[in-house]
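Side chains are part of it too, since the values below use all heavy atoms of this structure and drop only hydrogens, waters and symmetry mates. This structure is a prediction, so every number in the text was calculated from the model and none was measured.
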Amino acid sequence: REKVVFFGVTDRIEQLLWAMDAFAFPSRFEGLGIAAVEAQAAGLPVVASEAVPQEARIAGTFRTVPLARGPQGWAEALLACRPPAPARTEAAAAVRRAGFHILDAVSIVEGHYRNTEGESVCRTI
């Protein structure tokens, strides 16, 4: 209890990530693992469970640890993250190359709403 803080709701996630040395993500079930992607974009080494899908494993500082290793195994993996992570700009570029950037996502969605002539398939009534 004395070692865990439930921070609550915030719109300053990036500032919290920048204050961390590593990101632990011991998820049992994960659809994508966007929190792990965001942590990598912030330049953090990530220690995640095997439940996090391959698509979220972007940076060379991403490490998978089985949940079965327990608290001691996870602590050892997190302590091994001590060397500094790559610069934030390098990490953010790697995340963008992996397809996780808002401008790229907008282009993909926009493409789905346009036909081959470039006209919108959505019509105003």
Side-chain angles (χ1 to χ4, degrees):
R1 254 182 241 215
E2 63 276 356
K3 301 198 188 249
V4 175
V5 174
F6 289 99
F7 189 80
V9 177
T10 183
D11 61 354
R12 301 179 335 206
I13 298 298
E14 74 283 354
Q15 293 175 7
L16 294 173
L17 291 170
W18 295 338
M20 296 177 191
D21 296 318
F23 188 78
F25 198 45
S27 180
R28 292 180 55 215
F29 308 100
E30 208 53 53
L32 172 59
I34 197 70
V37 172
E38 290 174 340
Q40 290 168 92
L44 287 173
V46 173
V47 177
S49 71
E50 62 274 2
V52 177
Q54 189 64 39
E55 294 82 7
R57 303 171 189 192
I58 299 164
T61 56
F62 189 102
R63 181 172 177 195
T64 302
V65 176
L67 290 171
R69 287 207 41 216
Q72 184 66 34
W74 275 74
E76 290 168 3
L78 287 163
L79 289 172
C81 293
R82 289 188 181 207
R88 287 190 183 120
T89 54
E90 294 171 25
V95 169
R96 182 169 190 170
R97 285 190 302 275
F100 293 100
H101 190 278
I102 188 65
L103 295 179
D104 298 335
V106 166
S107 293
I108 291 167
V109 172
E110 183 179 31
H112 287 292
Y113 284 98
R114 295 191 179 277
N115 64 21
T116 55
E117 289 83 40
E119 297 174 14
S120 175
V121 295
C122 299
R123 303 192 200 299
T124 306
I125 297 176

Mind listing the closest non-hydrogen atom pair of [X] and [Y] along with its distance?
X: Leu78; Y: Ala22; result: CD2-CB, 4.1 Å
X: Pro66; Y: Trp74; result: O-NE1, 3.2 Å
X: Ala51; Y: Arg28; result: CB-O, 3.4 Å
X: Gly33; Y: Phe25; result: CA-CE2, 3.9 Å
X: Ala48; Y: Val52; result: CB-CG2, 3.8 Å
X: Met20; Y: Leu16; result: CG-O, 3.3 Å

Check: Pro26 and Leu67 side chains under 4.5 Å, non-hydrogen atoms: yes
Non-hydrogen side-chain atoms of Pro53 and Glu30 separated by less than 4.5 Å: yes
Assess whether side chain to side chain contact (heavy atoms under 4.5 Å, CB included) is satisfied between Leu44 and Leu17, documenting all intermediate values. CA-CA 8 Å; Leu44 287 173; Leu17 291 170; 3.8 Å; yes
In Å and rounded to the nearest 0.5 Å, what is the CD1 to CD distance from Ile58 to Gln40? 5.0 Å
When rounded to the nearest 0.5 Å, the distance separating CZ of Phe62 from CD of Gln54 is 8.0 Å
